[in-house]
Number of protein chains: 2
Amino acid sequence: MAAATEHALEAAEAACTLRGARLTELRREVLRLVLEAGQPVGAYALLDRLRAGRAGAAPPTVYRALDFLLEQGLIHKVERLNAFIACADAHDHAPHAGHGHAHPHQFFICGRCGDAAEIADASIAAAIAEAARRIGFRPRGATVEVEGLCAACAEAG
Amino acid sequence: MAAATEHALEAAEAACTLRGARLTELRREVLRLVLEAGQPVGAYALLDRLRAGRAGAAPPTVYRALDFLLEQGLIHKVERLNAFIACADAHDHAPHAGHGHAHPHQFFICGRCGDAAEIADASIAAAIAEAARRIGFRPRGATVEVEGLCAACAEAG
DNA sequence: CCGGTTTCCGTTACCATATAACGTGCGGCA
DNA sequence: TGCCGCACGTTATATGGTAACGGAAACCGG
Ligand SMILES: [Zn+2]
Ligand SMILES: [Zn+2]
Ligand SMILES: [Zn+2]
Ligand SMILES: [Zn+2]
């Protein structure tokens with residue numbers, strides 16, 4: 001599946017260029033590591049892997065790169081795991097001119113195999129927006145993370 | 001509003017008794033601190049306050065109490081803040097015999113004043129359940145946390 | 001090409017959040 | 001009485017995240 005990673009990297013490159021953001025060597029490398037993980041991955045796990053090619057890497061090195069990738073909507077943070085994962089459809093959501101909130105999304109996290117499936121369900125988003133409206137709350141961003149068993153694991157055991 | 005805190009503590013006592021769980025002195029004290037905070041409060045902030053009356057308190061002291069209170073559904077964790085808050089309607093949800101998942105709930109967190117409003121919106125829960133069903137996911141618990149401006153702060157500015 | 005400005009990133013130090021591991025005391029129970 | 005399980009103290013450690021400073025490099029208006 002290295003091909004998928006390469007494709008995603010090229011798409012990220014293109015998206016950044018469109019917005020005038022600089023996907024530097026370091027940021028590109030961190031994005032590659034997140035893509036290759038394929039699952040939510042912690043900042044320090046990324047740091048360890050990053051050090052394979054970059055001797056002096058330290059926490060700020062990886063956190064700054066992650067902040068950039070979050071800004072660009074190329075990755076998401078999984079709050080329940082304090083971990084990061086590549087956006088499943090970074091190439092789809094419109095390249096806003098400015099910086100950004102990530103697009104609305106939800107995660108279904110398997111407690112057995114560790115997979116995190118990203119979806120963008122309009123009716124969940126609508127229900128949240130409606131509830132917010134009802135209490136006069138002005139939403140700026142939402143975290144929706146469901147823990148449980150994925151289809152494969154539920155069947156297996 | 002100390003009266004409200006006392007009332008909640010008595011309700012918690014009753015609920016624990018019903019389930020055969022022991023709301024010890026320590027756990028009761030931590031619950032009191034969470035109730036008195038009125039907002040999401042970090043474990044180490046609780047630890048500091050706990051130390052006022054308990055010289056030797058250490059991280060495990062407060063984390064074990066918090067784990068118990070979470071089990072009993074008396075408090076919730078706010079993942080986005082790594083903080084804890086008293087359940088807004090702990091006396092309402094059925095006292096399951098066994099231990100438990102917390103009841104379904106959602107938080108609307110004001111980024112200006114720090115308040116976190118807990119609601120239990122059936123249509124949000126339903127939309128999530130439906131999305132889970134569609135992908136064959138078996139949910140065990142959900143985190144729904146919306147960040148933004150509460151009604152008061154949105155009006156103020 | 002120059003000089004001013006911004007951005008990126010190396011580096012050090014530190015803070016914040018959470019858990020592992022082990023021991024002791026205590027109450028319930030055969 | 002001996003055993004067991006739970007609660008909790010205690011120490012140490014793991015894991016996650018920032019502040020602050022400085023130098024190098026990219027960018028831009030001349
Ligand atoms: Zn996404
Ligand atoms: Zn699974
Ligand atoms: Zn609640
Ligand atoms: Zn507010």
Side-chain angles (χ1 to χ4, degrees), chain A residues 13 16-17 19-31 33-34 37 39-72 74-85 98-99 114 143 145, chain B residues 12-13 16-17 19-31 33-34 37 40-72 74-85 98-99 114 143 145:
Chain A
E13 193 85 59
C16 286
T17 301
R19 299 170 220 183
R22 291 158 56 189
L23 185 63
T24 64
E25 182 58 31
L26 171 64
R27 291 163 175 173
R28 190 185 170 93
E29 185 61 22
V30 171
L31 177 56
L33 291 172
V34 175
Q39 286 195 347
V41 58
Y44 280 70
L46 290 169
L47 180 54
D48 284 345
R49 296 171 204 181
L50 190 60
R51 280 176 168 148
R54 228 168 238 266
T61 310
V62 69
Y63 277 105
R64 285 195 286 234
L66 289 171
D67 284 347
F68 172 86
L69 297 171
L70 286 169
E71 279 279 315
Q72 297 301 317
L74 297 170
I75 65 173
H76 299 297
K77 179 166 188 182
V78 184
E79 300 286 350
R80 283 177 78 115
L81 305 175
N82 294 319
F84 303 85
I85 188 170
H99 306 259
T143 298
E145 294 173 2
Chain B
E13 193 85 59
C16 287
T17 301
R19 299 170 222 184
R22 291 159 54 189
L23 185 62
T24 63
E25 181 58 32
L26 171 64
R27 291 163 175 173
R28 189 184 169 92
E29 185 61 22
V30 172
L31 177 55
L33 291 172
V34 175
V41 57
Y44 280 72
L46 291 169
L47 180 54
D48 284 345
R49 295 169 205 183
L50 189 60
R51 278 177 168 148
R54 230 169 235 266
T61 309
V62 69
Y63 277 105
R64 285 195 285 234
L66 289 171
D67 285 346
F68 172 86
L69 298 171
L70 287 168
E71 278 280 314
Q72 297 301 316
L74 297 170
I75 64 172
H76 299 298
K77 178 165 187 183
V78 184
E79 299 287 349
R80 285 176 76 115
L81 305 176
N82 293 320
F84 304 85
I85 188 170
H99 307 260
T143 299
E145 295 173 0

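Small disclaimer: the values here were computed from a predicted structure and weren't measured. We name chains A, B, ... by the order of the sequence lines, and we start the count at 1 in each one.
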Item to check | Exam field: side chain B/R19 to backbone B/Q72, donor-acceptor pair closer than 3.5 Å | outcome: yes
Checklist outcome for this item: residues 46-68 of chain B vs side-chain hydrogen bond (donor to acceptor under 3.5 Å, both in side chains), sequence neighbours excluded, gives none
Checklist entry - Can you find a side chain N or O atom of B/K77 that sits less than 4.0 Å from OP1 or OP2 on C/dA18? => result yes
Next on the checklist: Let's test your reading of the pairing rules: Watson-Crick or G-U wobble, both distances under 3.5 Å, then write DNA chain D as a dot-bracket string with ( ), [ ], | and dots.
Outcome noted: ||||||||||||||||||||||||||||||
Checklist entry - So which heavy atom on A/I75 is nearest to which on A/L70, and how close? => result O-CD2, 3.5 Å
Next on the checklist: Please confirm whether the shortest side-chain N or O distance from B/N82 to OP1 or OP2 of C/dA18 is below 4.0 Å.
Outcome noted: yes
Checklist entry - If you take all heavy atoms of A/P40 and A/A83, which pair is closest and at what distance? => result CB-CB, 3.8 Å
Item to check | Spacing between B/Y44 atom OH and D/dT15 atom P, to the nearest angstrom | outcome: 14 Å
Checklist entry - Between D/dG17 atom P and A/L46 atom CG, what is the distance in whole Å? => result 11 Å
Item to check | Nearest non-hydrogen partners of A/L74 and A/L31, listed with the distance | outcome: CD1-CD2, 4.2 Å
Item to check | A/L47 CG to C/dG10 P, straight-line distance once rounded to whole Å | outcome: 11 Å
Checklist entry - When the distance from CD of B/Q72 to P of D/dC6 is rounded to whole Å, what number comes out? => result 14 Å
Checklist entry - In residues 49-61 of chain A, what residues come within less than 4.0 Å of DNA chain D, judged by heavy atoms? => result A/P59, A/P60
Checklist outcome for this item: Between CG of A/L26 and P of C/dT7 the distance, given in whole Å, is 17 Å
Item to check | Face-to-face stacking of B/Y63 with C/dT19, centres under 5.5 angstrom, angle under 30° | outcome: no
Checklist entry - Starting at CG of B/L23 and ending at C1' of D/dC6, how long is that distance when rounded to a whole Å? => result 15 Å
Next on the checklist: Nearest 0.5 Å, please: how far is CZ in B/R22 from CZ in B/R27?
Outcome noted: 7.0 Å
Checklist entry - Rounded to whole angstrom units, what separation is found between the CG atom of A/D67 and the P atom of C/dT7? => result 15 Å
Next on the checklist: So B/V62 and B/L26, do their side chains get closer than 4.5 Å, heavy atoms only?
Outcome noted: no
Next on the checklist: Taking any heavy-atom pair under 4.0 Å as a contact, classify B/R64: base, sugar-phosphate, or nothing.
Outcome noted: base
Next on the checklist: Quick one, A/L23 with A/L69, criterion side chain to side chain contact (heavy atoms under 4.5 Å, CB included). Give me CA distance, side-chain angles, the key distance, then yes/no.
Outcome noted: CA-CA 9 Å; A/L23 185 63; A/L69 297 171; 4.2 Å; yes
Checklist outcome for this item: Here the distance between atom P of D/dA7 and atom CZ of B/F68, to the nearest Å, is 7 Å
Item to check | A/E79/B/E145 under side chain to side chain contact (heavy atoms under 4.5 Å, CB included): CA gap, chis, key distance, verdict | outcome: CA-CA 10 Å; A/E79 300 286 350; B/E145 295 173 0; 5.5 Å; no
